[in-house]
Amino acid sequence: MKKLLLGTVLAGVVAIGAACSNNSSMQGHDMSNMNMKEENTAQDSSKKLPLATNTEVLSGKEINLTAKEALLQINDQVKLPVYTYNGSVPGAQIRVKQGDNVKIVLKNELPEPITIHWHGYPVPNNQDGVPGVTMDAIKPGETFTYEFTATVPGTYWYHSHQKSAEQVDKGLYGTLIVEPKNEEKVDRDYTLVLDEWMSNPDEGNMDMSGMDHSNMNNGNSSDNQQMDMSSMGHDMMNMYDIFTINGKSGAAVKPLKVKKGEKVRLRLINAGYMSHKLHLHGHEFKIVATDGQPLKDPQPIKDELLSIAPGERYDIEFIANNPGEWLLECHGDMEGTDGMKVKIQYEDQTNNTDKANAKENLPVVDMTTYRKYEVGQFTLDQKYDVEYTMDLGTAMGKDGMVFTINGKTYPETAPVNVKTGDLVKAKIVNNSPTDVHPMHLHGHFFQVLSKNGKPVTGSPLIKDSLNVNPGEEYVVAFKADNPGNWMFHCHDLHHASAGMVTEVKYTDYKSDYTPDPNDTTNKGE
């Protein structure tokens with residue numbers, strides 16, 4: 001079956017709101033032959049695939065990953081052909097300690113080239129896994145070895161950066177946990193990866209082909225184009241009807257076991273293209289880290305939603321002090337919402353009075369005001385060596401919808417030119433009428449200084465992925481302390497493939513990688 005959302009027009013018209021909110025709009029999610037009902041899978045699959053296995057945890061001096069195909073049983077009705085690292089979705093969890101030398105040997109048994117990008121991790125540039133920028137894509141049958149030192153602790157993830165809008169959709173991702181040298185111990189440590197899928201792409205193809213695109217390319221007013229885009233976004237939103245936690249949905253999600261009095265850590269990672277608002281029932285919790293970076297003296301939160309955007313990670317902790325069975329659930333009213341929930345079960349407890357309340361309107365945690373204010377590494381009024389404005393936009397290109405940075409699409413976008421040691425301030429403005437842009441910087445962490453002109457008043461907010469809604473403006477700052485050529489792009493990967501990419505380029509760095517001009521497989525988006 002042909003790819004459902006490969007074209008930039010379809011990728012572009014989707015309004016990417018918070019998937020678990022009542023006003024959410026669907027983000028483009030290219031499922032590429034992945035999502036079909038179990039009964040259709042046997043007919044359409046040209047070969048028998050093994051069932052996906054449970055996610056394993058790997059550590060040690062050398063870690064072996066094999067990219068291969070499998071069938072993922074998402075719930076009791078839907079089984080999907082997927083791409084995996086080590087036969088599972090999510091792929092194997094790589095768990096190491098701060099200071100470890102990490103060596104990962106990746107073998108490609110998939111029918112197309114792949115890579116691994118270490119999302120959020122400040123690896124050396126030649127280990128960043130971006131085909132055509134830092135390495136050649138790993139062809140079928142080939143092996144590549146990644147090596148780096150685990151310098152920074154926290155919660156991270158890894159995924160292919162080769163045709164990533166397709167391959168990440170197919171399940172080609174896993175988690176990377178780097179334990180601090182002097183870690184405060186918890187009694188339970190769970191990793192929960194969020195994603196979205198489609199159960200009936202055939203119906204989706206019909207709906208898409210039946211849409212009237214005539215007003216989108218004939219010079220009509222932007223208002224008419226916007227009406228068409230909104231309509232298409234609404235229709236596409238309804239196709240994505242399965243939300244998952246760790247590759248499972250609804251009753252298939254494995255409960256989280258706890259005992260009374262235990263301290264529990266949940267590592268929440270969004271590997272999809274839609275924001276999800278999560279509600280922890282029955283307990284106070286603290287946000288102890290965002291994008292792997294710790295927050296000092298976090299404040300307790302109760303009955304507030306934690307919104308997790310594409311590419312983001314949040315570590316939360318709570319004390320199991322309320323015996324029974326409780327939910328961590330996604331809020332909203334989309335068809336897939338009900339599947340994104342997991343039970344927190346106290347051992348030896350049968351009390352179960354908790355009920356789902358996914359449509360209840362609860363406040364959303366504002367990370368720019370979370371915790372008491374403290375001066376971070378950067379301030380708004382200090383002197384910077386480089387200042388850059390990133391104007392994010394949506395436009396019509398000659399072949400359909402494109403997503404722009406300062407009016408250009410990659411590779412025509414002007415890079416952020418820096419040299420080692422520079423202090424860099426970037427203003428990120430989303431001028432797209434309806435599209436949300438979760439912006440991700442490779443190889444660096446940045447501090448969020450202001451939102452919509454108002455300085456951050458909470459704990460210093462250090463991130464590598466930042467969700468920017470239409471009309472919003474953020475100012476961020478970082479130090480150019482990791483020489484190389486680094487991507488800075490939207491992590492709705494369809495927006496990246498349709499142009500929303502630039503680079504942070506060190507003028508004093510010379511890469512030892514030369515792209516093969518004859519290798520057409522290197523598609524770094």
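The basis for the numbers below is simple: all heavy atoms, side chains too, and nothing from hydrogens, waters or symmetry mates.
In terms of modelled atom types and a separation under 3.5 Å, the side chain of Asn86 and the main chain of Asn64 share a donor-acceptor contact. Judged by distance alone, the side chain of Asp492 and the main-chain N or O of His494 form a donor-acceptor pair under 3.5 Å. Under the 3.5 Å distance criterion, the side-chain polar atoms of Glu312 are matched with a main-chain donor or acceptor of Ala309. Here the side chain of His276 pairs no donor or acceptor atom with the backbone of Ser307 at under 3.5 angstrom. Listed for the Tyr346 side chain is a donor-acceptor partner under 3.5 Å among the backbone atoms of Asn321. The backbone N or O of Val78 lies less than 3.5 Å from a partner atom in the side chain of Asn75, making a donor-acceptor pair. Although no hydrogens or angles enter the test, the distance criterion places a donor-acceptor pair under 3.5 Å between the side chain of Ser88 and the main chain of Pro90. Within the 3.5 Å criterion, the main-chain N or O of Tyr370 finds no donor-acceptor partner in the side chain of Asp366. Asp422 contributes no side-chain N or O that, together with a main-chain N or O of Val424, makes up a donor-acceptor pair within less than 3.5 Å. Of the possible polar contacts, none joining the Glu387 side chain to the Lys425 backbone as a donor-acceptor pair under 3.5 Å is found.
A salt bridge links Arg265 with Glu317; the closest basic N to acidic carboxylate O contact falls under 4.0 Å. Using a cut-off of 4.0 Å between Lys/Arg side-chain N and Asp/Glu carboxylate O, Glu262 and Lys259 are scored as not salt-bridged. Salt-bridge annotation for Glu284 and Lys302: absent, with no side-chain N of the basic residue lying under 4.0 Å from a carboxylate O of the acidic one. Electrostatic pairing of Lys260 and Asp348 does not count as a salt bridge here, judged by no charged N lying under 4.0 Å from a carboxylate O. With respect to the salt-bridge test (charged N to carboxylate O, under 4.0 angstrom), the residues Lys427 and Glu472 do not qualify. Contact check on Asp333 versus Lys359 returns no salt bridge, with no Lys/Arg side-chain nitrogen under 4.0 Å from an Asp/Glu carboxylate oxygen.
Atom CD in Glu374 sits 8.0 Å away from atom CG in Asp297 (nearest 0.5 Å). Put simply, OG on Ser465 and CG on Asp291 are 5.0 Å apart, with the number rounded to the nearest 0.5 Å. Here OG1 of Thr337 is found 13.0 Å from CD1 of Ile242. Values are rounded to the nearest 0.5 Å. Put simply, OG1 on Thr55 and NZ on Lys254 are 10.5 Å apart, with the number rounded to the nearest 0.5 Å. The distance from the CD atom of Glu473 to the NZ atom of Lys454 is 13.0 Å, given to the nearest 0.5 Å. Atoms CH2 and CG, from Trp197 and Asp169 in turn, are 7.5 Å apart once rounded to the nearest 0.5 Å.
Residues His283 and His281 place their aromatic rings such that the two centres sit no closer than 6.0 Å. You'll find the ring centres of His491 and Trp157 inside the 6.0 Å limit. Between His442 and His489, the ring center distance clears the sub-6.0 Å criterion. Between His159 and Tyr173, the ring centre distance reaches or exceeds 6.0 Å. Between His119 and His161, the ring center distance fails the sub-6.0 Å criterion.
Residue Lys343 qualifies as open at atom NZ: its count of foreign heavy atoms under 6.0 Å is 12 or below. Around CG of Asn452, the count of heavy atoms belonging to other residues, nucleotides or ligands within 6.0 Å exceeds 12.
Nearest approach of Ala480 to Val418, heavy atoms of both residues: CB-CG2, 3.9 Å. Shortest non-hydrogen contact noted between Ala477 and Leu449 is CB-CD1, 3.8 Å. In terms of heavy atoms, Tyr384 sits closest to Thr379 at OH-O, 2.6 Å. Between Ala320 and Val258, the shortest heavy-atom distance links the atoms CB-CG2, 4.1 Å. The two residues Tyr156 and Ile269 have their closest heavy-atom pair at O-CD1, 3.8 Å. Minimum heavy-atom separation, Ile405 to Phe488: CD1-O, 4.3 Å.
No side-chain heavy atom of Ile245 sits less than 4.5 Å from a side-chain heavy atom of Val193. Annotation: side chain of Pro438 is in contact with side chain of Cys490 (closest heavy-atom distance under 4.5 Å). Between Leu392 and Met439, the closest side-chain pair of non-hydrogen atoms falls below 4.5 Å. Residues Trp326 and Gln345 fail the side-chain proximity criterion, which asks for heavy atoms closer than 4.5 Å.
Legend: residues meeting side-chain hydrogen bond (donor to acceptor under 3.5 Å, both in side chains) with Asn482, ordered by chain and number and at least two apart, are absent. Glu184 pairs by the salt bridge (charged side-chain N to carboxylate O under 4.0 Å, His left out) definition with Lys263, not counting sequence neighbours.
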Could you walk me through whether Trp118 and Phe148 pass the ring-ring contact (aromatic ring centres under 6.0 Å, His included) check?
CA-CA 10 Å; Trp118 308 98; Phe148 57 90; 5.3 Å; yes

Please step through side-chain hydrogen bond (donor to acceptor under 3.5 Å, both in side chains) for the pair Asn126 and Thr134, ending with a clear verdict.
CA-CA 5 Å; Asn126 62 5; Thr134 67; over 6 Å; no

Would Phe378 and Phe446 count as a side-chain contact (heavy atoms from CB on, under 4.5 Å) if you check the C-alpha gap in whole Å, the side-chain angles of each, and the deciding distance to 0.1 Å?
CA-CA 9 Å; Phe378 303 103; Phe446 52 77; over 6 Å; no

Please step through side-chain hydrogen bond (donor to acceptor under 3.5 Å, both in side chains) for the pair Thr290 and Lys463, ending with a clear verdict.
CA-CA 7 Å; Thr290 175; Lys463 298 180 63 59; 3.1 Å; yes

Is there a side-chain contact (heavy atoms from CB on, under 4.5 Å) between Tyr158 and Tyr85? Walk through the geometry before answering.
CA-CA 10 Å; Tyr158 63 92; Tyr85 293 112; 3.4 Å; yes

So Tyr190 and Lys257, side-chain contact (heavy atoms from CB on, under 4.5 Å) or not? Walk me through it.
CA-CA 10 Å; Tyr190 293 108; Lys257 298 288 188 179; 4.0 Å; yes

Quick one: do His440 and His117 satisfy side-chain contact (heavy atoms from CB on, under 4.5 Å)? Show the steps, please.
CA-CA 12 Å; His440 171 54; His117 163 60; 3.4 Å; yes

Using the side-chain hydrogen bond (donor to acceptor under 3.5 Å, both in side chains) rule, take Arg267 and Thr155 through it: C-alpha gap first, then chi angles, then the decisive distance, then the call.
CA-CA 7 Å; Arg267 302 176 186 267; Thr155 300; 2.7 Å; yes

Sequence neighbours excluded and cut-off under 3.5 Å, please list the side-chain donor-acceptor pairs for residues 91-100, or say none.
unit_1	atom_1	unit_2	atom_2	d
Gln93	OE1	Arg95	NH1	2.9
Gln93	NE2	Thr175	OG1	3.0
Gln93	NE2	Thr191	OG1	3.0
Arg95	NE	Glu179	OE2	2.7
Arg95	NH2	Asp189	OD2	2.8
Lys97	NZ	Glu179	OE1	2.6
Gln98	OE1	Lys181	N	3.2
Gln98	NE2	Thr151	O	3.2
Asp100	OD2	Lys97	N	2.9

